[in-house]
Amino acid sequence: MILKNDEAEIMRGAAFTKKILNWNRYENNRQMPWKGEKDPYKIWLSEVILQQTRVEQGLKYYQNFIAAYPNIDALAAAPEEKIFKLWEGLGYYSRCRNLIQTAKFISKEMEGVFPQAYETILSLKGVGSYTAAAIASFAYNLPYAVLDGNVFRVLSRIFAMEIAIDSTKGRKDFSLVAQRLLPPKKAGEYNQAIMDFGAVICKPVPLCDDCFFNKQCLAYLSGKQDLLPVKAKTIRIKKRWLNYFIVQCNDEVLIQQRTEKDIWQNLFQFVLIETPNGLKPKTLLPLLDKQLGINSFSILNEWSQEQKLSHQTICFHFLQIKIEKRLPVQNHTWMKFSHLQNLAFPTTLLQAMQKIRVGSLQ
DNA sequence: AAAGCGTGGGG
DNA sequence: TCCCCAAGCTT
């Protein structure tokens, strides 16, 4: 094992590093707008957007953000509502909250100058070990190895590392190996290369026939490439039942902002009654009266749909209702439909809006 | 330290 | 359809 400083493993590591740099220089065709970028602000932004997110999905968001906020002071000065609107649909909204917090911190406390030391970068909200290493190596060529899903996959195969990547020991081992392989003077170049290699060749379903390292890859040599990397945990998918009442009166609708530490924190929504299981509409309507005092209305539209998330399946029930009197409702605000486009909503609620708009035109 | 956090694409 | 996964981080 490379962890024991075994001679063969050290040689294998050195050969890999050399070959991957060569592959990157002459054969890697992967292009992304932030590649070769030296502005730490843009690198930071791209890295945060790409956390647990596919390049194809994040690309448009990156372009929109750069166009709207070309530097960190611009981002820090922007109304939070607008920033969330730009983030809408990208998911993991804590990233957006942390983005805002960090932008303001750097703009106000550090005179708009992005920190240049790894430890300081790491201390920023929303920046963990991966993102700190990426920024440090790409912007300043500091010798910190990135460890992301690509690198876990590549290293687990090259060295047939069977320890679970989602265990504490596993992360530690992989981190050590990754750092050992990094050529200190070519940190940025190498980090980019190994991630591209993982994205282009050593993919979840790997293209071993096309791989420059298949004669030395321990997983391939033993036919275990499809079994690596190993994960220990299996996630349990829970169910939730969200009953949304789209309560409208003339050209206005009742909305509220989600403030709890829960999914979609900071985003907006319609009147919500969450139930511990799926309820029939007949049992739902009394709740609407009891909890919010809404009891006189006509039903315009009603439907159900599901949204599958990583950790839960959400069963939505929508009820679009119209009331004649614009009564105040606790913790909710009446808002014109035309203003909703300025607020960030969860994707499924956007779909619901689209649906009732189409419906109203018929 | 395990659990929670979104969305979309691919096998 | 279902499960995995995607440039992870926070509490």
Side-chain angles (χ1 to χ4, degrees), chain A residues 30 32-35 37 42-62 84 87-99 101-102 121-138 144-154 164-172 174-175 178 188 191-200 202-206 226-238 240 258 260-267 306-314 344-351:
Chain A
R30 200 170 187 224
M32 292 169 292
W34 46 82
K35 218 166 159 176
E37 180 60 60
K42 292 181 180 171
I43 296 170
W44 165 65
L45 179 63
S46 69
E47 293 302 341
V48 173
I49 285 176
L50 290 172
Q51 286 166 7
Q52 294 288 281
T53 304
R54 292 171 185 280
V55 169
E56 312 85 72
Q57 191 191 1
L59 186 54
K60 195 65 191 176
Y61 288 84
Y62 174 76
F84 271 101
W87 198 274
E88 181 185 62
L90 193 54
Y92 285 153
Y93 297 92
S94 65
R95 291 183 293 171
C96 187
R97 291 192 294 277
N98 291 330
L99 194 78
Q101 185 178 338
T102 292
I121 298 170
L122 182 61
S123 73
L124 300 171
K125 287 287 180 295
V127 175
S129 58
Y130 163 76
T131 304
I135 296 171
S137 64
F138 295 152
Y144 293 89
V146 292
L147 191 51
D148 74 329
N150 289 304
V151 180
F152 275 120
R153 193 167 56 247
V154 170
I165 62 171
D166 54 354
S167 65
T168 303
K169 177 76 160 45
R171 275 187 290 269
K172 201 175 157 192
F174 275 91
S175 175
N191 277 340
Q192 186 62 62
I194 192 170
M195 287 195 287
D196 282 349
F197 174 65
V200 172
C202 200
K203 304 197 280 189
V205 179
D226 293 328
L227 305 176
L228 296 167
V230 173
K231 284 192 181 178
K233 297 169 196 159
T234 58
I235 51 169
R236 264 183 109 85
I237 297 180
K238 298 170 183 174
R240 284 177 82 169
R258 292 179 64 87
E260 323 283 285
K261 280 204 185 309
D262 191 7
I263 190 170
W264 303 315
Q265 189 186 354
N266 295 64
L267 273 60
E306 277 191 359
Q307 182 182 10
K308 304 223 178 250
L309 310 181
S310 298
H311 293 73
Q312 52 186 310
T313 297
I314 301 187
F345 285 82
T347 296
T348 305
L349 298 190
L350 290 175
Q351 292 167 0

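Basis for what follows: all heavy atoms, side chains included, without hydrogens, waters or symmetry-related copies. Naming: A, B, ... by sequence-line order, numbering from 1 per chain.
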| request: Within residues 128-136 of chain A, find the residues that approach DNA chain C with a heavy atom at under 4.0 Å, and present them sorted by residue number. | output: Gly128(A), Ser129(A), Tyr130(A), Thr131(A)

| message | Would you say Lys308(A) places a side-chain N or O within less than 4.0 Å of OP1 or OP2 belonging to dG6(B)? | response | no

| Does Ser94(A) put a side-chain nitrogen or oxygen below 4.0 Å from OP1 or OP2 of dC5(B)? | no

| Going by distance alone, is a donor N or O of one side chain under 3.5 Å from an acceptor N or O of the other, for Asn150(A) and Arg153(A)? | yes

| remark: chain A vs DNA chain C, heavy-atom contacts under 4.0 Å, first-to-last nucleotide span, 5' to 3', is dC5(C) to dT10(C)

Expressed as a whole number of angstroms, how long is the span from [X]:[atom1] to [N]:[atom2]?
X	N	atom1	atom2	answer
Ile237(A)	dG4(B)	CD1	P	12 Å
Lys231(A)	dA1(B)	NZ	C1'	17 Å
Glu260(A)	dG4(B)	CD	P	17 Å

| C1' gap between dC5(C) and dC5(B), integer Å | 15 Å

| query | Roughly how far apart, to the nearest Å, are dT1(C) and dG8(B) at atom C1'? | reply | 16 Å

| Strand-adjacent residues in residues 45-54 of chain A, judged by heavy atoms under 4.0 Å from DNA chain B | Gln52(A), Thr53(A), Arg54(A)

| said: Side chain of His311(A) only, heavy atoms from C-beta on: which candidate in dC5(B), dG11(B), dG6(B) is closest? | reply: dC5(B)

